[in-house]
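Quick notes on the structure that follows.
Each ligand, and each atom within it, is numbered from 1 in the order the structure gives.
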Amino acid sequence: MNMDQLKRQAAARALEEVRDGMQLGLGTGSTAKHFVELLGERVQAGLKVIGVPTSEATRLDAERCGVPLTTLDEIDHLDLTVDGADEIDPDFNLIKGGGGALLREKIVAAASDRMIVIADDSKWVPTLGRFPLPVEVIPFGLGATRRAIEKAFAECGVSGQMAVRKAKGGDKDGHVFVTDGGHWIVDAQLGRIVDPPGLAKALSAIPGVVEHGLFIGLASSAVLAGGEGIRVIERRKPKGD
Ligand SMILES: O=C[C@H](O)[C@H](O)[C@H](O)COP(=O)(O)O
């Protein structure tokens, strides 16, 4: 089975948690796209749900698949968010934002009673950090923001190269990548993040940082698809603890 088939399997397993009448957060990325497509099939077959997309790309996918959409201004909470991740550690800390959607993804996950992470099992890692940590920044004053990020890294016992993300492919190829919110992303190669909650707190305190890709205490469970089958792992502590 190839990687894409594994991602689809994980998405299909998460779909089993969806009930009629649910208000859903719809994640972004290649794995979440499978979920949106499979959800669309269920909607065509009569399932009644409404979704909040975490990116313009997901909004377009959901519209194409016939999934009814709303916003967090129109509804007051979400029952369940299903989203991918770039890394998941055994404490259910995540790195997200490889596709640049971290800001809306975090807003949606935080508004949701539960978050199921769907992934192929290569994303399950003992320690976060091999995947570059995305930090969404305001372009104004970027030099100062980068220095503050470096200081936060040093205080949290990590260091590594930082680079402003460039768009890959399409007509924006090679230009600075711009998020749905109009911000830039700095990717930091940290290797090993010893204290994800501490680093998350330090980054959130920097004025030029809009958001970062560390998701702490948001994921409730993980559906991991691998060669041996599917594993569903529940986080022991309730969401938010
Ligand atoms: O910004 C993108 C998201 O955080 C994605 O959910 C994450 O990058 C995983 O994407 P994929 O399922 O394509 O590996």
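- Under a cut-off of 6.0 angstrom, the local environment of NE2 in His175 is sparse, with at most 12 non-hydrogen atoms contributed by other residues, nucleotides or ligands.
- At a 4.0 Å cut-off, not a single heavy atom of Lys33 sits close enough to ligand 1 to count as contact.
- The protein atom (non-hydrogen) at minimum distance from atom 7 (C) of ligand 1 is Asp86 OD1, 3.3 Å.
- The nearest heavy-atom contact from the protein to atom 2 (C) of ligand 1 is Gly99 N, 3.1 Å.
- No N or O atom of Ala32 sits closer than 3.5 Å to an N or O atom of ligand 1.
- Annotation: atom 6 (O) of ligand 1 to nearest protein heavy atom, Thr28 O, 2.7 Å.
- For Ala85, every heavy-atom contact with ligand 1 shorter than 4.0 Å involves the backbone, none the side chain.
- Atom 13 (O) of ligand 1 has Ser30 OG, 2.5 Å as its closest protein atom, hydrogens excluded (heavy atom only).
- Contact annotation: the side chain of Thr179 never approaches that of Trp184 to less than 4.5 Å [non-hydrogen atoms, C-beta and beyond].
- The shortest N or O to N or O distance between Lys7 and ligand 1 is not under 3.5 Å.
- Nearest protein heavy-atom contact of atom 1 (O) of ligand 1 is Ala101 N, 2.9 Å.
- Closest to atom 12 (O) of ligand 1, if we only count protein heavy atoms, is Thr31 OG1, 2.6 Å.
- Formation of a donor-acceptor pair under 3.5 Å by the Asp180 side chain with backbone atoms of Glu56 is found in this model.
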Worked check of salt bridge (Lys or Arg N to Asp or Glu O under 4.0 Å) between Glu16 and Arg13: CA-CA 5 Å; Glu16 292 175 19; Arg13 175 62 187 79; 3.6 Å; yes

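- For Asn2 (side chain) and Asp4 (main-chain N/O), a donor-acceptor pair under 3.5 Å exists by modelled atom type.
- Between Gly97 and ligand 1, at least one N/O pair is under 3.5 Å apart.
- No donor-acceptor distance shorter than 3.5 angstrom exists from the side chain of Arg231 to the backbone of Glu228, with no hydrogens or angles considered.
- Taking the charged nitrogens against the carboxylate oxygens, Glu87 and Lys123 have no contact shorter than 4.0 Å, which rules out a salt bridge.
- The cationic group of Lys172 does not satisfy the cation-pi geometry with Phe177, failing either the under 6.0 Å distance to the six-membered ring centre or the 45° limit from the ring axis.
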